[in-house]
Amino acid sequence: MSGHKIATAEASPNIALIKYWGKRDDKLFLPLNGSLSVTLDAPIKTRTTVLFSEQLKKDEFWLNGRRQTEEESADVVRVLNLLRSDESRSRALVVSFNSFPSSAGLASSASGIAALTLGGAHALNLKLDPQALSIIARQGSGSACRSIMGGFVEWTKGAHQDGRDSYAVQIEPHTFWPEIRILIAIVTSQKKEVSSRVGQTRTVKTSSLFLQRLKEVDKHLSAVKELIARKDTENLFLEVMRESNNLHAVMMDSWPPFFYLNDVSRNIIRAVMEFNSGSIKAAYTFDAGPNAFIITTDDCANELKNQISRISGVEEVLESKVGEGPKILQDDSSHLIDVNAMIPVSLSPKQAM
Ligand code: DP6
């Protein structure tokens with residue numbers, strides 16, 4: 001088909017061990033501190049097909065079978081505009097499915113934006129290295145820049161005003177620590193009261209505790225990097241839990257305060273603390289939502305999973321290893337778009353993946 005450029009990519013969410021919270025530039029998504037994450041593995045992923053065509057009148061974005069409004073598509077369109085050169089201003093149809101329940105409130109924006117960036121670049125035949133892809137994904141949603149890589153990933157905050165040195169770098173590949181497991185406890189919740197974007201701005205503007213956090217967070221990032229290199233689980237897990245607590249403390253210190261943890265989240269914290277009595281074998285960590293991410297090792301995963309599953313209000317516990325990172329799907333049958341009709345394929349998410 002002439003004028004059609006299409007590609008399909010898959011990417012997984014990442015969970016931050018040292019959190020990104022607060023921007024020094026809202027337009028370019030430049031963070032006030034560096035952060036570090038683990039990319040989840042393939043069963044937990046977003047698949048995205050991007051089609052550029054001169055026949056399309058405007059950009060269109062579908063997520064889990066539903067056409068998104070202009071407002072809901074804003075991050076996607078921003079990434080498309082960064083990918084498109086002036087010569088090829090073709091509009092795009094973007095179709096995405098998450099493999100995980102959308103009600104789960106997992107950070108699907110990170111995996112979605114990473115898959116879009118990789119798929120879009122491939123469709124346009126742009127030969128971008130991971131660093132350049134990461135800089136584009138960052139401007140779709142900050143944490144997405146880390147989902148461009150697998151394994152353990154650091155997002156260096158950078159110093160330049162134009163953001164050219166603010167991108168993600170893989171510090172260890174997924175093969176480095178195969179014993180690591182990440183449990184994801186899905187907690188019943190309503191829609192977020194405050195989006196993470198609004199929450200960050202509020203914290204930067206109003207929290208004095210946040211100023212203290214900024215003084216210390218880089219030191220914790222270096223410590224976590226070293227503990228990963230040494231595979232020192234006990235001290236790493238301790239750092240991870242305290243970092244999560246610190247993030248949620250600055251949210252509460254913001255004005256007006258906002259909360260992502262609920263009673264179920266707090267019961268999960270208690271269960272992990274109990275599991276750790278004697279020695280530290282697991283770490284809980286929470287992003288901008290009530291779901292718990294629990295980092296542990298393969299020898300503890302089953303027992304802990306059983307214990308967490310029994311907590312009232314925990315809907316499901318998913319399990320992940322450290323993921324390999326995003327990939328392009330070469331097979332045409334993996335596209336989520338009917339190329340001839342230029343419409344999303346009519347599949348349920350289960351069939352689509
Ligand atoms: C708590 O990446 O969602 O998950 O850049 O405004 O899109 P925007 O924010 P987003 O923030 C993620 C915050 C976090 C911590 C983290 O992932 O590092």
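Whatever order the structure lists ligands and atoms in, that order sets their numbers, starting from 1.
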Within ligand 1, which atoms have a heavy atom of Gly142 less than 4.0 Å away?
2 (O), 5 (O), 7 (O), 8 (P)
Pairwise side-chain contact, Ile136 with Leu83, heavy-atom cut-off 4.5 Å (strictly under):
yes
Work out whether the distance between some heavy atom of Arg138 and some atom of ligand 1 is less than 4.0 Å.
no
Ligand 1 atoms in contact with Lys23 (distance to a heavy atom under 4.0 Å):
5 (O), 6 (O), 8 (P)
Looking at Ala288, which atoms of ligand 1 are within less than 4.0 Å of one of its heavy atoms?
1 (C)
contact_flag Ser35 ligand 1 heavy-atom lt 4.0 Å
no
Could you report the tightest heavy-atom contact between Val317 and Val314, atom names first, then the distance?
CG2-CG1, 3.8 Å
Quick one: which ligand 1 atoms are inside 4.0 Å of a heavy atom on Ser196?
3 (O), 9 (O), 10 (P), 11 (O)
Suppose I only count heavy atoms of Arg197 and a 4.0 Å limit; which atoms of ligand 1 are within that range?
6 (O), 7 (O), 8 (P)
Suppose I only count heavy atoms of Lys19 and a 4.0 Å limit; which atoms of ligand 1 are within that range?
18 (O)
Sort out for me which residue in Ile269, Val187, Leu247 forms a side chain to side chain contact (heavy atoms under 4.5 Å, CB included) with Phe286.
Ile269
Find the distance between CD (Gln68) and CG (Asp75) and round it off to the nearest 0.5 Å.
11.0 Å
Based purely on interatomic distance, does Arg146 place a nitrogen or oxygen under 3.5 Å from a nitrogen or oxygen of ligand 1?
yes
Indicate yes or no: at least one non-hydrogen side-chain atom of Val94 is less than 4.5 angstrom from one of Trp62.
no
Quick one: is the NZ or CZ of Lys231 closer than 6.0 Å to the six-membered ring centre of Phe176, and within 45° of its axis?
yes
Counting each atom of ligand 1 from 1 as listed, which ones have a heavy atom of Ala16 under 4.0 Å away?
16 (C), 17 (O), 18 (O)
Under 6.0 Å from the six-membered ring centre of Phe237 and within 45° of its axis: does the NZ or CZ of Lys281 meet both?
no
